[in-house]
There are 2 protein chains.
Amino acid sequence: MNVEQAAKQLEALGNTTRLQVYRTLVRAGEAGLPVGQIQERLGIPPSTLSHHLQRLLLTGLVTQERQATTLICRASYPAMNGLIGYLADECCADAGCGTRAENAA
Amino acid sequence: MNVEQAAKQLEALGNTTRLQVYRTLVRAGEAGLPVGQIQERLGIPPSTLSHHLQRLLLTGLVTQERQATTLICRASYPAMNGLIGYLADECCADAGCGTRAENAA
DNA sequence: GCAGTATTTCCAGGCTTATCGAATTATGCC
DNA sequence: GGCATAATTCGATAAGCCTGGAAATACTGC
């Protein structure tokens, strides 16, 4: 994970609407959620949602799988863990801040 | 930590330049770093850097302390931990992805 | 193939951001 | 007060983002 990629992912999550979309997908768990359901739950117009989903897909934070006419969206846990890990490493590499102290021990 | 605040912080870090600034400050540790030194290390024009620092200050990710004519900047570990915690919780709340499994146990 | 549903792409307007040179403010020193 | 250094604010430009209605595309089932 380099700086630019991390920045891209952070930027993707750095928008209230997209963060809500992502949060919704995370809470949906492994089953994922069709685009239409996200749209319905958050009350976002389809085209707007589609743009945001593109952004999340592009950065790898979300994956999609077609099931008949609907597209199932899922939060990518590996991507999220990669990002959290990057932040935690940057934060704790040279300073004792405790966040990942358990892992280090 | 609500969605909008988290999004603001993520957006603040979601820019290559600002992430580099933040990274530099984290690596500087408790001692912090004067604005001028950041500027010198990263080769950013003063005014540009100042704007980015304002953004990081505004979201609470960075703090400043005056020492004579120089301003010492420091990464705020509590803020960072809050953000990482928010992401980790969102990620792991309803799904087993392992990142904070140690804490839960 | 046609009808119907799900989703995306096209297009456009308004808004915010990123950048940085020049001028200004803040602070210390003599 | 006057000078020097540190950093910010001003001003302006170019670029990219967010939004959402309308049209187009994907896919299924009959």
Side-chain angles (χ1 to χ4, degrees), chain A residues 3-25 28 31-76, chain B residues 3-25 28 31-76:
Chain A
V3 176
E4 299 198 358
Q5 194 186 344
K8 277 241 163 63
Q9 292 191 339
L10 289 166
E11 190 197 15
L13 292 176
N15 170 281
T16 306
T17 304
R18 278 195 300 270
L19 191 53
Q20 279 174 332
V21 168
Y22 190 78
R23 214 167 84 110
T24 304
L25 288 179
L33 221 54
V35 176
Q37 288 242 353
I38 306 172
Q39 191 247 312
E40 203 169 297
R41 286 197 195 183
L42 299 180
I44 313 169
S47 68
T48 303
L49 176 59
S50 191
H51 287 307
H52 286 307
L53 278 174
Q54 281 312 315
R55 192 78 163 267
L56 290 169
L57 281 168
L58 211 79
T59 54
L61 286 164
V62 164
T63 63
Q64 279 184 339
E65 181 200 347
R66 181 133 232 152
Q67 278 186 14
T69 55
T70 71
L71 268 171
I72 308 293
C73 304
R74 289 191 189 86
S76 166
Chain B
V3 176
E4 299 197 358
Q5 194 187 344
K8 275 241 164 63
Q9 292 192 337
L10 288 165
E11 190 198 15
L13 292 176
N15 170 280
T16 306
T17 304
R18 278 195 298 272
L19 191 53
Q20 279 175 331
V21 169
Y22 191 79
R23 215 167 83 111
T24 304
L25 287 179
L33 221 54
V35 176
Q37 288 243 351
I38 305 171
Q39 191 247 309
E40 204 169 297
R41 286 196 196 182
L42 300 180
I44 313 170
S47 69
T48 303
L49 175 58
S50 191
H51 286 306
H52 285 307
L53 278 174
Q54 282 309 315
R55 192 76 163 268
L56 291 169
L57 280 169
L58 212 79
T59 54
L61 286 164
V62 164
T63 62
Q64 278 185 341
E65 180 200 347
R66 181 134 233 151
Q67 277 186 13
T69 56
T70 70
L71 269 171
I72 307 295
C73 304
R74 288 190 188 86
S76 166

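Note on naming: letters A, B, ... go to the chains in the order of the sequence lines (proteins, then strands), and numbering restarts at 1 for each one. From a predicted model like this one, the values you see are computed outputs, not experimental measurements.
- Comparing A/Ile44 and B/Thr69 by the nucleotide of DNA chain D whose heavy atom lies nearest to each, the residue mapping closer to the 5' end is B/Thr69.
- Taking atom CG of residue B/Leu58 and atom C1' of nucleotide D/dT8, one finds them 15 Å apart after rounding to whole Å.
- Residues B/Leu56 and B/Ala12 approach most closely at CD2-O, 4.1 Å, considering heavy atoms.
- Picking from C/dC20, D/dT19, C/dT7 the nucleotide with the shortest atom distance to the side chain of A/His51 gives D/dT19.
- At C/dA18, one or more side-chain N or O atoms of B/Asn15 fall inside 4.0 Å of OP1 or OP2 (strictly under the cut-off).
- Atom pair A/Gln39:CD and D/dT19:P shows a separation of 14 Å (rounding to whole Å applied).
- Between the CG atom of B/Leu53 and the P atom of D/dA7 there is a distance of 10 Å, rounded to whole Å.
- Between the C1' atom of C/dT5 and the CG atom of A/Leu71 lies a distance of 13 Å, rounded to the nearest Å.
- A donor and an acceptor atom never sit less than 3.5 Å apart when one is taken from the side chain of A/His52 and the other from the base of D/dC18.
- Checking D/dT8, D/dC17, C/dA18 against the side-chain heavy atoms of B/Gln64 singles out D/dT8 as nearest.
- Between B/Arg18 and B/Leu61 there is no side-chain heavy-atom pair separated by less than 4.5 Å.
- For A/Thr70, taking side-chain heavy atoms from C-beta onward, the closest of the listed nucleotides D/dC27, C/dA18, C/dA6 is C/dA6.
- The shortest side-chain heavy-atom distance between B/Val21 and B/Ile44 falls under the 4.5 Å cut-off.
- Note on A/Ser47: every side-chain N or O is 4.0 Å or more away from OP1 and OP2 of C/dT9.
- Here the C1' atom of nucleotide C/dT9 and the CZ atom of A/Arg55 are 17 Å apart, to the nearest Å.
- Taking for each of A/Arg66 and A/Glu11 the nucleotide of DNA chain D with the nearest heavy atom, the 5'-most of the two is the partner of A/Glu11.
- Here the side chains of B/Lys8 and B/Glu4 are not in contact, with every heavy-atom distance at 4.5 Å or above.
- The distance from atom CG of A/Leu13 to atom CD of A/Gln20, rounded to the nearest 0.5 Å, is 12.5 Å.
- Distances shorter than 4.0 Å separate some side-chain N or O of A/Thr17 from OP1 or OP2 on D/dT19.
- The nearest whole Å value for the distance from the CG atom in A/Leu57 to the P atom in C/dT9 is 10 Å.
- When distances are taken from the side chain of B/Arg18 to each of C/dT8, C/dG21, C/dA18, the shortest belongs to C/dA18.
- When the C1' atom of C/dT9 is taken as reference, atom CG of A/Leu49 falls 14 Å away, rounded to whole Å.
- Taking atom CD1 on A/Ile38 and atom P on C/dA6, their separation rounds to 14 Å, with Å as the unit.
- Contact annotation for B/Pro45: backbone-only contact, meaning every heavy-atom pair under 4.0 Å involves sugar-phosphate atoms and none involves a base.
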